[in-house]
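Written out below as structure tokens is the structure these notes cover.
In the text below, chain A, chain B and the rest are named by the order of the sequence lines, each starting its count at 1.
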2 protein chains.
Amino acid sequence: MRVGYPAGMEATTAVRGCPPPAGRRERKKQRTREALIDTAFRLFGEKGFDATTVEEITDAVDVSSRTFFRYFASKEDVVLTYQEEQFATFLEELAARPSGEPVMTALRRAAVTVMRACEEGDHGFDPERFGCIQQMMERSPAVFGRSLEHGQKKQAEVTRIIAERMGVDPASDLRPHVAAGASNSAFRSAFEVLACGVTKAERMSDVLDKVFAVLEDGLNYPACETVPGPVRG
Amino acid sequence: MRVGYPAGMEATTAVRGCPPPAGRRERKKQRTREALIDTAFRLFGEKGFDATTVEEITDAVDVSSRTFFRYFASKEDVVLTYQEEQFATFLEELAARPSGEPVMTALRRAAVTVMRACEEGDHGFDPERFGCIQQMMERSPAVFGRSLEHGQKKQAEVTRIIAERMGVDPASDLRPHVAAGASNSAFRSAFEVLACGVTKAERMSDVLDKVFAVLEDGLNYPACETVPGPVRG
DNA sequence: CGTCTAGTTGTCATTTAGTGACACCTGTCG
DNA sequence: CGACAGGTGTCACTAAATGACAACTAGACG
């Protein structure tokens, strides 16, 4: 199974508003793409991800199924367009953090900013769609799996940025890799904690903030056992 | 798409040697299951995961394709049987760690023990198969994605154990969740670091050990800037 | 304007994963 | 032995995904 976009069909940033790129052809392509995404999300919301077939989506947009797969490598890819946007914004926010800021703090602030944008509808993010995705992640393993895969792939870029911030070489220093992994993990932990209902009626962004706080505090928890024990190592 | 095992086909721990369970029927089922797994891994090794069809596997074992899907919910599930065993062993090792040991240390030691077993062939793990899986994870996104999904699902059990060790309630305390996530993340970081060739010709277990060491040291990295002050290169 | 080219789409065929239904066979147990 | 239940094969079917090729059309250019 291919992943990403077929040749010549690279993602032309969907959500954020690039002004008319040029050419009627290009514009039509863009419109088709957006129509597919909008319709897909509408149907996903109505009937669920699994119960919605590609054909239903393409019929509604009035294009052939073949066309769908020229825009998206898989049905799940439609959902990932949103995550793609989230990630791009995350990178922007991260780059915008003051260069003197400690690594985890920068990651935390960037992450929380993005999540807030999704909740509030800033930066062109649709909060309703955000909720729809949350649901699909819980209900449909395929979407969940792809999302994890996507996140893991993108992690490399975060690693690079962190390494730059730290002024170390990611080819010889493990720390940027681990930090990026932890940051990635934070998103998933926040999601999991929300899904499992550990924290009730809390915003994702708040949970995420707390998760990062836990990471910043360090994970060296002693065993409980011996009362206010001095036992360490 | 279903995940897990069809009803009545629950995993009857494949690798570890449960002595003859009872009944010819049960034994035959077990043999079929193992034949499917062995044949699948052989073909995966020869032709790659994607290029191997379920039919090829079942033809070689001389059962119908339908039977395959009575044992495994998906083609990827065959590969995950190994990971399932790894995880079970990980939990055992974790439970066996002295109760006074700090959480991350216990996680680290359990993780490294399992990885060593896979490399050395202890506990009935086949090192060759382990290598085969590593390759598939790199080459075949489907396997990689399922593996991530599987790991994420299993994380809940680790969370529970960590919470017990810490003597806190996972329903109100985020720390066990984050620690479990970080531990999960450690495995993936080790894999990624090896795959990307950051560390050359090093054993997975050694890399994993180092990754955990980094986690234990904490992630509070300051920005590089040798000289304090927001000066940008 | 007419034409040529290249990019986009539709149609068709095909492969493969995965599932449901039902008949059949064979251990297991009374 | 005979009934029952669990496992298997066969058949039919849906749906995702991809390759090949023909048909259309925007855009470039003389």
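Counting non-hydrogen atoms under 4.0 angstrom, B:T58 reaches nothing in the nucleic acid. If you check every strand for non-hydrogen atoms under 4.0 Å, B:T53 touches sugar and phosphate atoms only.
The phosphate of C:dT8 (OP1 or OP2) has no side-chain N or O of A:Y71 nearer than 4.0 angstrom. For the OP1/OP2 pair of D:dA15 and a distance below 4.0 Å, the side-chain nitrogens and oxygens of A:K75 include no atom meeting the criterion.
Of the candidates B:Y82, B:F72, B:Y71, B:F72 is the only one forming a side chain to side chain contact (heavy atoms under 4.5 Å, CB included) with B:I37.
If you look at A:F191 and A:F187, their ring centroids are not closer than 6.0 Å.
Counting non-hydrogen atoms of other residues, nucleotides and ligands closer than 6.0 Å to CG of B:D62 gives a total of 12 or fewer.
Comparing C:dG10, C:dA17, D:dA17 by their closest approach to the side chain of A:T67 singles out C:dG10. Residue B:S64 places its side chain closer to D:dT10 than to any other of D:dA17, D:dT10, C:dG10.
Residues B:F44 and B:I57 meet the side-chain proximity criterion, which asks for heavy atoms closer than 4.5 Å. Looking at heavy atoms from C-beta onward, B:K154 lies out of side-chain contact with B:Q83 at the 4.5 angstrom threshold.
Comparing A:V63 and B:S65, the nucleotide of DNA chain C nearest to each residue sits closer to the 5' end for A:V63.
Regarding B:E55, its CD atom lies at a distance of 11 Å from the P atom of D:dT10, rounded to whole Å. To the nearest angstrom, P of D:dG6 lies 18 Å from CD of B:Q30. Straight-line distance from the CZ atom of A:F69 to the C1' atom of C:dC12: 16 Å, rounded to whole Å. Rounded to whole Å, the distance from CZ on A:F68 to C1' on D:dA15 is 12 Å. For the pair A:K29 NZ and D:dA26 C1', the interatomic distance rounds to 12 Å; values are reported in whole Å. If you take CG of B:D50 and P of D:dT18, they are 11 Å apart, rounded to a whole angstrom.
At least one donor-acceptor pair closer than 3.5 Å links the side chain of B:E119 to the backbone N or O of B:S205.
Residue pairs satisfying the salt bridge (charged side-chain N to carboxylate O under 4.0 Å, His left out) criterion with at least one member in residues 174-188 of chain A, sequence neighbours excluded, are listed as follows: A:D173-A:R175.
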**Message:** Return a single string for nucleotides 21-30 of chain C, one symbol per nucleotide in 5' to 3' order, where B is base contact, S is sugar-phosphate-only contact and - is none, cutoff 4.0 angstrom on heavy atoms.
**Reply:** B----BBS--
